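Below is one structure; the comments refer to it alone.
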There are 2 protein chains.
Amino acid sequence: MRSDDRALLKSTPLFSDLPATAIDRLTYTAFVQNLPAGAVLFQQGDQPEFLYILLSGRVALTGRSAEGDEAVIEFFRRGDVFIAPAVILDLPYLMSTRVLQDARILMIPAEHFRDVLARDPALNAALVRELARHWRLLIRQIKDLKLRTAPQRLAAYLLDLSGGHGGNVLLPEERKLMAGRLGMTPESFSRAFAQLAAEGVTGRGRNVVIADAAHLRGFCAYDDIL
Amino acid sequence: MRSDDRALLKSTPLFSDLPATAIDRLTYTAFVQNLPAGAVLFQQGDQPEFLYILLSGRVALTGRSAEGDEAVIEFFRRGDVFIAPAVILDLPYLMSTRVLQDARILMIPAEHFRDVLARDPALNAALVRELARHWRLLIRQIKDLKLRTAPQRLAAYLLDLSGGHGGNVLLPEERKLMAGRLGMTPESFSRAFAQLAAEGVTGRGRNVVIADAAHLRGFCAYDDIL
DNA sequence: CGGTTGTTTGAGGACGTTCAAGTACTGTGG
DNA sequence: CCACAGTACTTGAACGTCCTCAAACAACCG
């Protein structure tokens, strides 16, 4: 692990409140792995062997149906810790993970993580907050899927990306993958995007402009559904 | 709080590993409220004032769209602790809560809960596991919504209720509410149920029989999607 | 430059919703 | 015990959204 990796850990929500010694205790058995885009870290159903922390690159957690089509559950970026719950409970992963952009990943052996967790109150406290935050993201996604139409979901996602204020937005992923995250096909994504032109959303490639954020919030019930 | 309430708390996953003194510390400012079916505990957007533990009765967490229709996110029953994340983070509730069946609810002041949480490592550890478990339930629900059709979702839910083995199942809620939980209208629920007759699912009222669990698992990709 | 992959667009169809009507339940008061 | 009201549940028809399949176009990368 490089020194800037340590600095990165220290800046994440999970580790920022932990003393350096706690971070050391957690990471001294850990190692860094470099993975190219397209690599699969693990498959759903596997028993968890590591806790993963993304040091750089991008990664997607996906679920796969019996027919083989893939739904993105969530994207992760630099600094994110993922699939902690499976490691904590020592239960099979519910999702698969695919590298989207060449990634450096810190891998903490699951057993070791659980050992430290059993002893370190500060880590428990930090993890409670981390899990609580993530819990809310999942609730929002469920409400999104149950209460909004495809164009509304896209609009809400774009507003999230813009921080709610509109203006210029840079799409973080391919449209194909964003479609999966939003629970629709790439074709539907494309049509949803075309439909948002009438609501003041324009753009080419990965650059998108939200002309009237207030109007778009109304369109997708941004504040009502939270 | 009655003595059998204390016994109930002690039997829940969250509190079972906590010493009695910790439970006392947590509950000495708490009180019990009786609420009739139909009562609303709080609305989405409210600032959290209490952590709720259901001592008896049934309750649903729901999200509401701008048009006013309601989607059930999850049901809770005796012994369940709900909306901990909002209380932990002191952020507005993302959902509303409605009493389905006359309920006795233990209410722990949010401020007090956070105080205890800041001091009690055992509570943190228990909460980490509780949140991790719930996190996995939400992931399953998201995969359900993104990867399965309506009849498949119903089939998977029935299998969950039966413990995966089939046989007799007692529906825990009105079909109307189960429809919301599964992300469909009551009409679609009814049709989905009718469709499952071809897969060996029969029943009248709240009593349902799964004739061939293995077959139904195949139908909804029960083991593939997890 | 050609091959590959991502994106858009069109046509047709499946799934699920909406609206509307009818049936079965549940509980209440006579 | 029955009549009744209110609610839940089912069923049918029409509609809309989203998906599938297919093709054209654009962007990227060797």
Side-chain angles (χ1 to χ4, degrees), chain A residues 36-38 58 60 65-72 98-102 144-155 157 170-198 201-208 219-220, chain B residues 36-38 58 60 65-72 98 100-102 144-155 157 170-199 201-208 219-220:
Chain A
R58 280 170 17 249
S65 79
E67 290 81 32
D69 38 48
E70 212 179 37
V72 176
R98 229 182 52 229
V99 176
L100 302 177
Q101 188 182 74
D102 296 7
D144 217 37
L145 291 167
K146 287 187 178 170
L147 295 171
R148 283 203 259 244
T149 65
Q152 283 179 317
R153 289 202 295 276
L154 173 57
Y157 197 82
L170 188 64
L171 300 184
E173 310 292 343
E174 290 169 356
R175 298 186 172 208
K176 185 186 175 185
L177 290 166
M178 292 186 60
R181 161 60 238 267
L182 294 173
M184 63 185 91
T185 59
E187 293 94 326
S188 292
F189 183 98
S190 181
R191 282 183 249 269
F193 196 86
Q195 224 175 305
L196 289 188
V201 176
T202 52
R204 220 176 287 120
R206 290 213 175 168
N207 291 93
V208 174
F219 171 75
C220 67
Chain B
R58 280 168 19 248
S65 79
E67 290 82 31
D69 39 45
E70 212 179 36
V72 175
R98 230 183 51 230
L100 301 177
Q101 188 182 74
D102 297 7
D144 218 35
L145 291 167
K146 288 186 178 170
L147 295 171
R148 283 203 259 243
T149 65
Q152 285 180 316
R153 290 202 293 277
L154 174 55
Y157 197 81
L170 189 65
L171 300 184
E173 310 292 342
E174 291 169 358
R175 297 186 174 209
K176 187 185 173 184
L177 290 166
M178 291 186 60
R181 160 61 237 268
L182 294 173
M184 63 184 91
T185 59
E187 293 93 328
S188 291
F189 182 98
S190 182
R191 281 183 250 269
F193 196 86
Q195 225 176 306
L196 288 188
E199 315 298 331
V201 177
T202 52
R204 221 178 286 119
R206 289 210 174 171
N207 291 93
V208 175
F219 172 75
C220 68

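Predicted model only: the values in this text are computed from it and were never measured. Each chain gets a letter, A, B and so on, in the order its sequence line appears, and its residues count up from 1.
- A:R148 is linked by a side chain to side chain donor-acceptor pair (under 3.5 Å) to A:D144, counting only residues two or more places apart in sequence or in another chain.
- Each end of the helix from C:dC1-D:dG30 to C:dG30-D:dC1 gets its own axis from five base pairs, and the two axes differ in direction by 40°, given to 10 degrees.
- Taking B:T202 as the reference, nothing meets the side chain to side chain donor-acceptor pair (under 3.5 Å) condition, with sequence neighbours excluded.
- Contact check for B:R98 versus B:L100: side-chain heavy atoms found under the 4.5 Å cut-off.
- If you check residues 178-189 of chain B against DNA chain C, the residues with a heavy atom closer than 4.0 Å are B:G183, B:M184, B:T185, B:E187, B:S188, listed by number.
- Going from atom CG of B:L182 over to atom CG of B:L145 covers 8.5 Å, rounded to the nearest 0.5 Å.
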Are there any protein N/O atoms within less than 3.5 Å of an N/O atom in nucleotides 13-15 of chain D, and if so, which ones and at what distance?
from	atom 1	to	atom 2	distance (Å)
D:dA13	N6	B:R191	NH2	3.4

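- The nearest whole Å value for the distance from the NZ atom in B:K176 to the C1' atom in D:dT10 is 15 Å.
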CA sep, side-chain torsions, deciding dist, call: A:R206, A:R175, side chain to side chain contact (heavy atoms under 4.5 Å, CB included) = CA-CA 8 Å; A:R206 290 213 175 168; A:R175 298 186 172 208; over 6 Å; no
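- Nearest heavy-atom pair, B:G205 versus B:L171, reported as atom, atom and distance to 0.1 Å: O-CD1, 4.1 Å.
- Protein atom CZ of B:R175 is 10 Å distant from nucleotide atom C1' of D:dT10, rounded to whole Å.
- Annotation: the span from B:L177 atom CG to B:E70 atom CD amounts to 8.0 Å, rounded to 0.5 Å.
- The salt bridge (Lys or Arg N to Asp or Glu O under 4.0 Å) pairs that include a residue from residues 177-188 of chain A are A:E74-A:R181, where partners are two or more places apart or lie in different chains.
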Identify each donor-acceptor pair in which a side-chain atom of residues 188-198 of chain B lies under 3.5 Å from a protein atom, sequence neighbours left out, and give them as a table.
from	atom 1	to	atom 2	distance (Å)
B:S188	OG	B:T185	OG1	3.1

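- Across all non-hydrogen atoms, the minimal contact from B:P186 to B:K176 is CG-CG, 4.0 Å.
- Using a 4.0 Å cutoff on non-hydrogen atoms, no part of residues 144-154 of chain A comes near DNA chain C.
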Pick out the pairs of N or O atoms, protein on one side and nucleotides 24-26 of chain D on the other, that lie under 3.5 Å.
none

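- Between the side chain of B:E199 and the backbone N or O of B:F219, no donor-acceptor pair lies under 3.5 Å.
- When atom types are taken as modelled, the side chain of A:D102 and the backbone of A:P36 share no donor-acceptor pair closer than 3.5 angstrom.
- Applying the side chain to side chain donor-acceptor pair (under 3.5 Å) rule to B:R58 yields the partners B:E173; only residues at least two apart in sequence or on another chain are considered.
- Listed by chain and residue number, nothing satisfies the side chain to side chain donor-acceptor pair (under 3.5 Å) test with A:R153 (two or more places apart in sequence, or in another chain).
- By the 4.5 Å heavy-atom criterion applied to side chains, A:K146 and B:S65 are not counted as neighbours.
- You can see that DNA chain C meets the heavy atoms of chain A within a 4.0 Å-exclusive cut from C:dG6 to C:dA11, reading 5' to 3'.
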